[in-house]
Visitor: 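One structure follows; several queries about it will come next.
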Number of protein chains: 2
Amino acid sequence: MMKDRQHSSEACLSSINAVKDALYVLNGKWKLPLIVSLINGPKRFNEIQRSLSEITPKVLSKELREMELNGFVERKVFDTFPVTVIYELTDYSDTLGPIIDALSLWGTQHRQRIVEMRKLEPVTT
Amino acid sequence: MMKDRQHSSEACLSSINAVKDALYVLNGKWKLPLIVSLINGPKRFNEIQRSLSEITPKVLSKELREMELNGFVERKVFDTFPVTVIYELTDYSDTLGPIIDALSLWGTQHRQRIVEMRKLEPVTT
DNA sequence: CTGCATCCTATAGGATACTG
DNA sequence: CAGTATCCTATAGGATGCAG
């Protein structure tokens, strides 16, 4: 029986490009965490900022605009005083679910692994 | 029945951090594509370079060393002339499978979506 | 062939202050 | 409250050349 690798050269290339395409849109430090932050429901600008500790308003603003352009987030303004703005995930952002789930799960497991490794390797300084 | 969001505030924070942890290790433009490139089997330095079109040797070298440190890749040297070096995925890198699958699938679908949208929005210049 | 040394630039991302 | 304006720095990543 033929091994996968025998006929996977083009498949490999197209996978690489598919992954690169995805990363191109989801680039940076904040895109995915931002989506996670909104999964529970719409949030206001300041709420998002607080949930992603350490992000500055300038960066958050920029990220949100990019996400809006990419169709992941919808911005809604309410004419109160002071003005109220909420950000809300779109249906399209739901398609990112598997990616986020996989990253979240792996991140959790990876953190545990690091902890385990620290136990096995006592301080060597 | 209670909605998820009611009791998901901490869960949300921990998901955000899990995702951030994962992204911290898998950061940059090349980590994941590099792994995809090796999925079919071990490759030599130049083979990897060719499969990831456009990556420069300096960057590839740096990425590979990081991946080695993180336990995703193993480097094997053969004492031929000129020297032969192959890079090979470790078992641990298999745990990234779901992430890569999800990214690859999404990337493919996303590309198609872009194409569809271009059809619907004829040139506006 | 493998990959380091050097140099270089663009940009991501942060600090701070300010506005409608 | 929801951002914008400015300024700043670190670094990712690329170009090129050379070495074992």
Side-chain angles (χ1 to χ4, degrees), chain A residues 16-17 19-38 41-70 72-89, chain B residues 16-17 19-38 41-70 72-89:
Chain A
I16 290 176
N17 286 325
V19 169
K20 281 163 84 174
D21 287 348
L23 293 176
Y24 181 77
V25 179
L26 305 173
N27 65 53
K29 196 172 167 182
W30 297 110
K31 298 271 186 319
L32 271 340
L34 182 43
I35 289 190
V36 175
S37 165
L38 291 176
K43 279 201 178 80
R44 306 175 65 165
F45 190 88
N46 274 339
E47 289 178 308
I48 303 175
Q49 190 178 0
R50 259 174 276 129
S51 75
L52 307 177
S53 48
E54 311 302 326
I55 196 173
T56 61
K58 191 201 88 170
V59 174
L60 178 54
S61 173
K62 182 193 162 207
E63 296 291 316
L64 283 170
R65 270 179 276 124
E66 286 183 40
M67 306 281 287
E68 219 186 330
L69 278 177
N70 283 323
F72 296 134
V73 159
E74 196 171 352
R75 180 176 183 271
K76 290 182 176 166
V77 184
F78 296 89
D79 193 14
T80 57
F81 183 82
V83 65
T84 302
V85 180
I86 65 159
Y87 292 90
E88 168 168 46
L89 293 183
Chain B
I16 290 177
N17 286 325
V19 170
K20 280 164 84 175
D21 288 348
L23 293 176
Y24 181 77
V25 179
L26 305 174
N27 65 56
K29 197 172 165 180
W30 298 110
K31 298 272 184 320
L32 271 341
L34 183 41
I35 289 191
V36 175
S37 165
L38 291 175
K43 278 201 179 79
R44 304 177 63 168
F45 190 87
N46 273 341
E47 289 178 307
I48 303 174
Q49 191 178 0
R50 259 174 279 129
S51 75
L52 308 176
S53 49
E54 311 303 326
I55 195 171
T56 62
K58 192 201 88 173
V59 174
L60 177 55
S61 173
K62 183 194 162 207
E63 296 290 317
L64 282 169
R65 271 180 277 122
E66 286 183 40
M67 307 279 288
E68 221 187 328
L69 279 177
N70 284 323
F72 296 134
V73 159
E74 196 170 351
R75 180 178 183 269
K76 290 181 178 168
V77 184
F78 296 90
D79 193 13
T80 57
F81 181 82
V83 66
T84 303
V85 181
I86 65 160
Y87 292 89
E88 171 167 44
L89 293 183

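The chains referred to below are lettered A, B, ... by the order of the sequence lines, with proteins before strands, and numbering in each begins at 1.
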Visitor: Are any of B:Arg44's side-chain N or O atoms less than 4.0 Å away from OP1 or OP2 of C:dT2?
Guide: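 It does, given that an N or O in the side chain of B:Arg44 lies less than 4.0 Å from OP1 or OP2 of C:dT2.
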
Visitor: Do B:Phe72 and B:Leu26 come within less than 4.5 Å of each other through their side chains, counting heavy atoms only?
Guide: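 With C-beta onward as the side chain, the pair touches.
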
Visitor: Find which nucleotide of DNA chain D each of A:Phe45 and B:Trp30 is nearest to by heavy atoms, and output the residue with the more 5' nucleotide.
Guide: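 Nearest nucleotide further toward 5': that of A:Phe45.
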
Visitor: Counting only side-chain N and O atoms of A:Arg65, is one of them less than 4.0 Å from OP1 or OP2 of D:dT4?
Guide: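 For D:dT4, OP1/OP2 do have a side-chain N/O of A:Arg65 under 4.0 Å.
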
Visitor: Can you give one letter per nucleotide of nucleotides 15-20 of chain D, going 5' to 3': B for a protein heavy atom under 4.0 Å from the base, S for sugar-phosphate only, - for none?
Guide: B-----

Visitor: Figure out the CG/P separation between B:Leu60 and C:dG3, and round it to whole Å.
Guide: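 Taking CG of B:Leu60 and P of C:dG3, I get 9 Å after rounding.
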
Visitor: Between C:dT2 atom P and B:Glu68 atom CD, what is the distance in whole Å?
Guide: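 Spelled out: CD on B:Glu68 to P on C:dT2 is 15 Å.
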
Visitor: Filter on salt bridge (charged side-chain N to carboxylate O under 4.0 Å, His left out), then keep only pairs touching residues 54-68 of chain B, sequence neighbours left out; what's left?
Guide: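 Every salt bridge (charged side-chain N to carboxylate O under 4.0 Å, His left out) pair that includes a residue of residues 54-68 of chain B, provided the two are not neighbours, is B:Lys31-B:Glu63, B:Lys31-B:Glu66, B:Lys62-B:Glu66.
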
Visitor: Tell me whether the side-chain N/O atoms of A:Tyr87 come closer than 4.0 Å to OP1 or OP2 in D:dC1.
Guide: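 No.
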
Visitor: Hey, is the side chain of B:Thr84 poking within less than 4.0 Å of OP1 or OP2 on C:dC1, counting only N and O atoms?
Guide: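 False: B:Thr84 side-chain N/O out of range (4.0 Å or more) of C:dC1 OP1/OP2.
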
Visitor: Is any side-chain heavy atom of B:Arg75 closer than 4.5 Å to one of B:Val85?
Guide: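 When only atoms from C-beta onward are counted, B:Arg75 and B:Val85 do touch, with a gap below 4.5 Å.
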
Visitor: Tell me, do B:Lys29 and A:Leu23 make a side-chain contact under 4.5 Å, heavy atoms counted?
Guide: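 The answer is no; the side chains never approach within 4.5 Å.
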
Visitor: For a 4.5 angstrom cut-off between non-hydrogen side-chain atoms, does B:Tyr87 reach B:Leu34?
Guide: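 No - every pair of side-chain heavy atoms lies 4.5 Å or more apart.
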
Visitor: According to a strict under-4.0 Å criterion, is B:Asn46 in side-chain N/O contact with OP1 or OP2 of C:dT2?
Guide: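 The answer is yes; a side-chain N or O of B:Asn46 sits under 4.0 Å from OP1 or OP2.
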
Visitor: Can you identify which nucleotide, out of D:dG14, D:dT4, D:dA2, has its nearest atom closest to the A:Val85 side chain?
Guide: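 When the side chain of A:Val85 is considered, D:dA2 is the closest of D:dG14, D:dT4, D:dA2.
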
Visitor: Can you check the A:Leu26 CG to C:dA12 P distance for me, whole Å?
Guide: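 Taking CG of A:Leu26 and P of C:dA12, I get 15 Å after rounding.
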
Visitor: Atom CD1 of B:Ile86 and atom P of C:dC1: how far apart are they, to the nearest Å?
Guide: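 My rounded result for the distance is 16 Å.
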
Visitor: Starting from C1' on C:dT16, measure out to CD on A:Gln49 and report it in whole angstrom.
Guide: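 Going from A:Gln49 (CD) to C:dT16 (C1'), I get 13 Å.
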
Visitor: Between C1' on D:dG14 and CG on B:Leu52, what's the gap in Å once rounded to a whole number?
Guide: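 B:Leu52 atom CG is separated from D:dG14 atom C1' by 15 Å.
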
Visitor: Hey, is the main chain of A:Tyr24 close enough, under 3.5 Å, to the side chain of A:Asn27 for a donor-acceptor pair?
Guide: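 Between the backbone of A:Tyr24 and the side chain of A:Asn27 there is a qualifying donor-acceptor contact (under 3.5 Å).
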
Visitor: Looking only at side-chain N and O atoms, does A:Lys62 come under 4.0 Å of OP1 or OP2 in D:dG3?
Guide: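 It does not, given that no N or O in the side chain of A:Lys62 lies less than 4.0 Å from OP1 or OP2 of D:dG3.
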
Visitor: Rounded to whole angstroms, how far apart are CE on A:Met67 and P on D:dG3?
Guide: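 My rounded result for the distance is 15 Å.
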
Visitor: Within the structure provided, determine whether B:Ile55 and B:Pro33 are in side-chain contact (heavy-atom separation under 4.5 Å).
Guide: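 A side-chain contact is absent here, since even the closest heavy-atom pair is not under 4.5 Å.
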
Visitor: I need the NZ-C1' distance between B:Lys29 and C:dA12, as an integer number of Å.
Guide: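 Spelled out: NZ on B:Lys29 to C1' on C:dA12 is 14 Å.
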
Visitor: Consider the side chain of B:Glu63, meaning its heavy atoms from C-beta on, and name the nucleotide among D:dG13, C:dT2, D:dA2 that approaches it most closely.
Guide: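 Shortest atom-to-atom distance from the side chain points to D:dG13.
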
